[in-house]
2 protein chains.
Amino acid sequence: MVNENQHTCSASSSSKSDGSSSGSESSKDSSRCSTPVLDADRHERLREKMRRRQDSGDKWFSLEFFPPRTANAAVNLISRFDRMGAGGPLFIDVTWHPAGDPGSDKETSSMIIANTAVNYCGLETILHMTCCNQTKDEITGHLQKAKRLGLKNIMALRGDPIGEEWEEEVDGFNYAVDLVKHIRNEFDDYFDICVAGYPKGHPEAQSYEADLRHLKEKVLAGADFIITQLFFRSETFLKFMKDCQAIGITCPIIPGIFPIQGYHSLRQLVKLSKLEVPQEIKDVIEPIKDNDAAIRNYGVELAVSMCRELLDSGMVHGVHFYTLNREVATTEVLKRLGLWKEDPRRPLPWAVSAHPKRRVEDVRPIFWASRPKSYIYRTQEWDDFPNGRWGNSSSPAFGELKDYYLFYLKSKSPREELLKMWGEELTGEESVFEVFTCYITREPNKNGHKVTCMPWNDDPLATETNLLKEQLEKVNRRGILTINSQPNINGKPSTDPIVGWGPSGGYVFQKAYLEFFASSEIVTALLKVLKKYELRVNYHIVNVKGQNITNAPDLQPNAVTWGIFPGREIIQPTVVDPVSFLFWKDEAFALWIEQWGKLYEEESPSRMIIQYIHDNYYLVNLVDNDFPLENCLWQVVDDTFELLN
Amino acid sequence: MVNENQHTCSASSSSKSDGSSSGSESSKDSSRCSTPVLDADRHERLREKMRRRQDSGDKWFSLEFFPPRTANAAVNLISRFDRMGAGGPLFIDVTWHPAGDPGSDKETSSMIIANTAVNYCGLETILHMTCCNQTKDEITGHLQKAKRLGLKNIMALRGDPIGEEWEEEVDGFNYAVDLVKHIRNEFDDYFDICVAGYPKGHPEAQSYEADLRHLKEKVLAGADFIITQLFFRSETFLKFMKDCQAIGITCPIIPGIFPIQGYHSLRQLVKLSKLEVPQEIKDVIEPIKDNDAAIRNYGVELAVSMCRELLDSGMVHGVHFYTLNREVATTEVLKRLGLWKEDPRRPLPWAVSAHPKRRVEDVRPIFWASRPKSYIYRTQEWDDFPNGRWGNSSSPAFGELKDYYLFYLKSKSPREELLKMWGEELTGEESVFEVFTCYITREPNKNGHKVTCMPWNDDPLATETNLLKEQLEKVNRRGILTINSQPNINGKPSTDPIVGWGPSGGYVFQKAYLEFFASSEIVTALLKVLKKYELRVNYHIVNVKGQNITNAPDLQPNAVTWGIFPGREIIQPTVVDPVSFLFWKDEAFALWIEQWGKLYEEESPSRMIIQYIHDNYYLVNLVDNDFPLENCLWQVVDDTFELLN
């Protein structure tokens, strides 16, 4: 009935008997203060995730993107990562084009796009890398940089030789297998390595069989899994897979799916990959070649049925999509397959980064709740991250945010749209109040435009904030310009679709929180009112010059979100921290000018109104500590207005 | 209205304006993960505590003890520390008698008694030390040892010279001031130093004035405060204090109060200290000198009225009591003065240790809840202590507990009493069940003796456990032999007199917890029942051989007590930790034999019954994770009994 377990207590052997034990991984970190494994996804390597999904029969998908050509396209691609990331891909991959300076620091480089996907979008990412016509040092340099940026997976490719007269170089990188060997030699087991498989054989291979042998060499050299070139019939892939297995390739082989999205893109891709489109597909497409919608519908149908066949075969556990950087067709295929899973449950209340050094991060100041990418940016130089508690952050060394125009921090909306939303011309502080109010109500402004973003929040209001909508509208109208808030929550299930997070079976809690800008007149009244709420309400009030008023005890952080889970320590993922508040303050005030003021001509009345607010208003945040009672912050605000009248 | 505060954010300057700010200490630890200052007492030096109490007008008291003569007396003295510690002394002090080997490792030495007070009783403690007739090396050795043991305060004294012909040694330690200088030279500011003041002048001093000058030298040499010799009239002290101030002594001067407790002890003390008893006291005492009770009553009256005069003078903020190791008179004086404050509120749910390296400790496994001294003993070699979270404790390196007879771990009750409580003769497992049941019910056993302690708990049942009394009685009767439990608590005020802890204005929570011994028959049924409760109930079940059954996820600790406080991070002071459970198991099983079995002859039937239980029973602990719902653990136990029937 029981297992033997020495009292010297080896961590990995003390559980499981009679089938009732949970948790399969033993903890390798044996220090007394490691992080609880709340979310296995953050701690596993890609190949382990694949294995776990395969073992549990949980089918998955992945998405391939190529780097953008322009900075604007980069902004759009990052939004696409965020949107398509919501569907739950196991990973994405970013292709590598030697002609496009792929390892550079340009915002359009493969390296920087992959970096952004990992660090700012929290996506498990594979960076492609080719080796043909490159020196060992160049390649090592790219790999070192990738590692430094937190990338953990490489797709090792030969790449297309430049020029016609390519010849093997002695001791050079002639084939993908050379790159695989190099990565394993130089970086040991650090990277997960993916290689390409060709279900019809590589076009340059001597034969299909010879190509299979090359593939086996790549696996033997250290590749962890295989993604295939696109194909048009499921039989093609299934035969290929059996042939691979027959010669002893046992690692995962992932079919590459190309949903036909248009006549021209198909032709181009076929030309590049030297594949032949089967006659039955040509027969359908040719007659409708000028009808984009019809072709796309057909492409979706075809992809869906092919994926179904693959998944139903029992041999395929995940499918890889060549998206061509487009969203619609792939998303539709995934939804129809039931693979698109917008899981309302979150491992933590904020979006985690996939950088390995941030694996243990489980506490953040709430100030950046709507600007997680900026928070990640400003803490990118940190060597370790808060784990379990925030502690007293007297010297957290936040980076300054000067680069408001970094593509991954930039507003998705162009200047003209912002002007329509926030006003072509401001006539006074009231017109600013109006913008804030419209953002809350989602009603069109007086020019008929909906306000879907604000300088402090590039997205429409969170579902959770909707719970506070009525009160928020009322106060914004009167000049309490809210930028962040949360309601109090006294123990809702962790599976709650709106406020839930973390593993199931737990309970989540919140202290009510409200952050806003207000004039010094309002703040003077507010401070009088706050005396009545001493102890119950913690406040931090600061202006752009750093004049700071607070009642926070000993500058300690205040946990405002926490969760209690079965068999775990308590997780407290957001805090109001008096010290980092002052770093946030710099950013919050700067956004007035950088994002809003600069839309207008210098010296223009509109610009001066924003400048006035920037110079004279206070940033206020309030926490109601009495989370089991009704949120008193609205009463605080009402009392303040009453005092002013 | 506001303070200037740079955004570089110096931790100590960003609070307080308009009088509404709380918390006066800036945090000196600036790492991102320091402990929140839940309880200033744990972080301040004694001289800072004194100053804070003086500033807030919060009067205090302290207690002087001498080291015991025998091991049994040491056990009693430690219980007295625990009982008198409950009244809230600012500190205690332990005297030093050169003839009694005061710096040795004997359980009766001053050093070990002071060590026990600090580490095991959590009392701020001053160790006396004399220097007369000792070498520099001897003294340095004592001081180093004191520091190593976590002692932070020294009362620097000359001590009585041995023999009649004492002469000053050149470069030797001739006066207390030499010791003060030595401590400051060798240990810088590590120790707080106290020196003695003589309100009537030291008997060997040339004059009262000369003695005042000596006192000032001691203060100039680095003493932090002064405790006076006893005196009989408040005017004596007040005059002395004014005289001290007049010559520029500004540090705290604490009056030493001697409640007269008997004719002989008074005579002896007076002889030793070369003081004269005022005529008006002699006049009262002489006629009643054989009536101890009358003398004690008079002594209490006298002490109360003298303390009142002193405290009312406005010059005295704390009073120091020469207890002569007795409890009654001093406690009565303190209660009548209103200084005895049994604060039901606790900084944490368990008794903290006063060792400086344990200052940050705020998480412990719940297993040692009733044996905190044993927990401290087994973790005394740890260099750092869990702060904020327990984490995965794969290798916590608990010391083995072999020394069950260490005086501070020993039962307060002698063998004869234990036999009366636990049975002169056991007739079967049922007679053991009976003992457990009587301990819960507080009813006398069949021989008419109340069971006031158990091997796992040297004290009567905690008030909190009373909440579970009925159910506990029922299950113990049937062989579920409970040794530790707590009810679930879903957000009671932190000031709750029974389950509250931590600062006011907070809420405390608990997961229901039950720990017991049971036969393998019961455990087999229990395991079947537990399948129904999977996820909701975490269990750890182990026998003496270490056969272990658990469903704890990834061997992570489960927080079972936590508190949410205004403006703080979350505190989670007790956890069920799967790894340290196996260390606790060794102790829990050993206590059957060490404390109970060994009361009987070897091979006796009683001894064999205990041995059988030790060898065959399981130690079980259960946690109900669903703290907002009604505790399901009783249902689990009921289901188990039902299955057995």
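Letters A, B, ... mirror the listed sequences (proteins, then strands); counts begin at 1. Quick note: numbers below take in every heavy atom, side chains included, and nothing from hydrogens, waters or symmetry partners.
Side-chain contact between B/Arg568 and A/Asn625 is absent, with no heavy-atom pair separated by less than 4.5 Å. In this structure, B/Gln556 and A/Glu569 have side chains that are not in contact, with every pair of non-hydrogen atoms separated by 4.5 Å or more.
Heavy-atom distances place no part of B/Val623 under 4.5 Å from chain A, backbone and side chain included.
Ranked by heavy-atom pairs under 4.5 Å with chain A, the first of B/Ile541, B/Ile564, B/Asn538 is B/Ile564.
Every residue meeting the side chain to side chain contact (heavy atoms under 4.5 Å, CB included) condition with B/Thr379, not counting sequence neighbours, appears here in chain and number order: B/Arg358, B/Tyr375, B/Trp382, B/Phe385, B/Phe398. Residues passing the ring pair (Phe, Tyr, Trp, His ring centres under 6.0 Å) test with A/Phe581 are A/Phe367, A/His540, sequence neighbours excluded.
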For this session: Verify side chain to side chain contact (heavy atoms under 4.5 Å, CB included) between B/Arg389 and A/Asn387, making sure each step is shown before the conclusion.
Result: CA-CA 10 Å; B/Arg389 76 193 318 176; A/Asn387 166 222; 3.0 Å; yes
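A/Asn558 and B/Phe565 get closest at one heavy-atom pair: OD1-O, 4.2 Å.
The line from CD1 of A/Ile571 to CD1 of B/Ile570 is 10.0 Å long, rounded to the nearest 0.5 Å.
Between B/Tyr507 and A/Phe509, the gap from one ring centroid to the other reaches at least 6.0 Å.
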